[in-house]
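Below is one structure, written out as structure tokens; the observations come after it.
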Amino acid sequence: MSSEVGTLPARVNSSTRVRFAPSPTGRLHIGGARTALYDYLLARQTEGAFVIRIEDTDRKRYVPGAEEEIYEVLSWLGMEWNEGPDVGGPFAPYRQSERADIYLAHAEQLVDSGHAYYCFCTAERLASVRKEQQARKKPPRYDGLCRRLNSEEALNRKHVGESHVIRFKTPRQGKTTGVDVIRGEITVENATLDDYILLKSDGLPVYHLAAMVDDHLMEITHVLRTSEWLPTFPLHVLIYEAFGWEQPAWVHMSVLLNPSGKGKLSKRHGSGGAHAVYPLELKELGYLPEAVVNWLALMGWSYDDRAEFFDMPDLIRKFSMVKLNASPAAVNFSKLDHFNGLHIRSLKQEDLAKRLVSHFHAADLEVTEAELAPIVPLIQERIRTLNEAVEMSGFFFRDTVQPDPQQLIGKNMSAAESAAAVSRSTELIQGFDRLDAESLELALRGLADDLDLKVGQLFGILRVAVTGQRVSPPLIETMEILGMGLVLERLNRAAELLDSLE
RNA sequence: GCCCCCAUCGUCUAGGGGACUAGGACGUGGCCCUUUCAAGGCCAAAACCGGGGUUCGAAUCCCCGUGGGGGCACCA
């Protein structure tokens, strides 16, 4: 393990602390889940702490229930956390809205040390300044009006209660360099940076202040975030420097792109269907958490030129930050299907039966794990999602099936010939005490021979008769499980349907 | 408009100067197996964005161009 992370700062092997810091502003999507996964893998691999921090300083964008969904998704995917708003921890509270006083104190500390200043400009003035700059094709930036205020005047205005924010006093000259684990040095001219607001007029911080303060206070050693933070990365370096803090290891991973490769993954692609972008949606569609984890891990990270099938313990062992890919990755849903199939097939039969239950229930089929048990071996290697099991084997649990009469006609056969085949099959089956696969198959193959039919012709008719479907689990085993009663019943029904065609 | 990042098959990627007739996976096509559908096995098509350098030698290093992505809020 040490060789895989050997190029990273030495503290990797001491006590690593990694945090997943989502905003409860909407549903957690697969991009967020992937970030959390990498956080988790790094923490577990180094036997460090995985921390959840809720970044809810924007009261306007707060979405009730979003925080709960975050916990639900992480739990479902199998990432247990060591510290967080719900479980507490040595650095509580872990919800930024509950830490307002901390940020205020730190912002004022920066004012005192000359690294920040009070700004009394109104939103209207800022908007007009920005508009004017854009009209002149100039980069929109704060014009520095309040930066020039002397501290005495600023303090006075503050004390009489004038609404204000605290801005960072970004150096006007020079450049700032930050070091990223996967991209190396990122350098930016300070002049292209802004005097960013650190503390809003409502007294709450913006990300730039809150995240830096918390990462330091919570002793976070590795900051993993997506590359959309690259433009303000140097600002964050500057903030750390202003406080005189030691920087964490910065890791800016690539973003996820839409399946088309055009643009950042959008929610629009989600909502039902094959392109669900929310993990919880994937769960409902019948994807295994193991498969989702496997799939997510491989979008922007790779192990070697061969292995791809991983479970969580594998990933914990094999993960390496330096193997994170710097370029954006388009999500590939067909690969998720593939992984899901692989993971379904690697499940123990009892386990698969257990997981199938809720999906049958969702389709109004009240089945039990025990009833599913004999079906599982028949479908395990045929399904790619849990929901497909319902489509494929739901007929086992319905009182009747509704075959399409036309489909009851055998290949290259007439309706009458097909009806005859059904009636001969019925007679044959009536001769059984009970249906056992071995002798039933022998008998049915013999019958096909007698009728001068190909096995596929006869079986095709019986398949549709008995299951109501053209695609089903293997016919013989299916009939065995269904039992004589149901098989005969459905055969009779098929005979009627065939007769009605003539 | 300005700033930052990125660039190998359709997609995810291996590759860190010679091991490259560029490897794997998904998807696609074909064959085998076969009671349907799968699964499995075999095979095939499919890529180093362009141009300059550096070097005996470049997918690998540098520069420019182009393309793609991201950012430019009292959002994160």
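Numbered from 1 within each chain, the chains take letters A, B, ... in sequence-line order.
With a cutoff of under 4.0 Å to any heavy atom of chain A, the contacted region of RNA chain B is bounded 5' to 3' by B/G1 to B/A76.
Going from the P atom of B/U36 to that of B/G68 covers 48 Å, rounded to whole Å. Between the C1' atoms of B/G65 and B/A22, the separation comes to 25 Å (whole Å).
The residue A/Lys411 sits apart from the nucleic acid: no heavy atom pair falls under 4.0 Å. Backbone-only contact: A/Arg183 has heavy atoms under 4.0 Å from sugar-phosphate atoms and none from a base. Counting non-hydrogen atoms under 4.0 angstrom, A/Leu204 reaches nothing in the nucleic acid. Residue A/Lys60 is classed as a sugar-phosphate contact, given heavy-atom separations below 4.0 Å to backbone atoms only. When heavy atoms are screened at a 4.0 angstrom cut-off, A/Val206 is found touching the sugar-phosphate backbone but no base atom.
Of the residues near RNA chain B, A/Ser302 and A/Asp202, the one whose nearest nucleotide (by heavy atom distance) lies more toward the 5' end is A/Ser302. Ranked by how close their nearest RNA chain B nucleotide is to the 5' end, A/Leu126 and A/Arg345 are led by A/Arg345.
A/Arg125 has a carboxylate O that lies under 4.0 Å from a charged side-chain N of A/Asp143, or vice versa, which qualifies the two as a salt bridge. Ionic pairing of A/Asp304 and A/Lys318 is not present here: no N-O contact between side-chain nitrogen and carboxylate oxygen is shorter than 4.0 angstrom. Salt-bridge formation is detected for the pair A/Asp351/A/Arg355: a Lys NZ or Arg NE/NH1/NH2 atom is positioned less than 4.0 Å from an Asp or Glu carboxylate oxygen. Of the charged side-chain nitrogens involved, at least one lies within less than 4.0 Å of a carboxylate oxygen, so that A/Asp195 and A/Arg172 count as a salt-bridged pair.
Under the rule for a side chain to side chain contact (heavy atoms under 4.5 Å, CB included), the partners of A/Arg424 that lie at least two apart in sequence or sit in another chain are A/Glu427, A/Leu447, A/Asp450, A/Leu451.
Few gaps surround CG on A/Asp101; more than 12 heavy atoms of other groups in view lie less than 6.0 Å from it.
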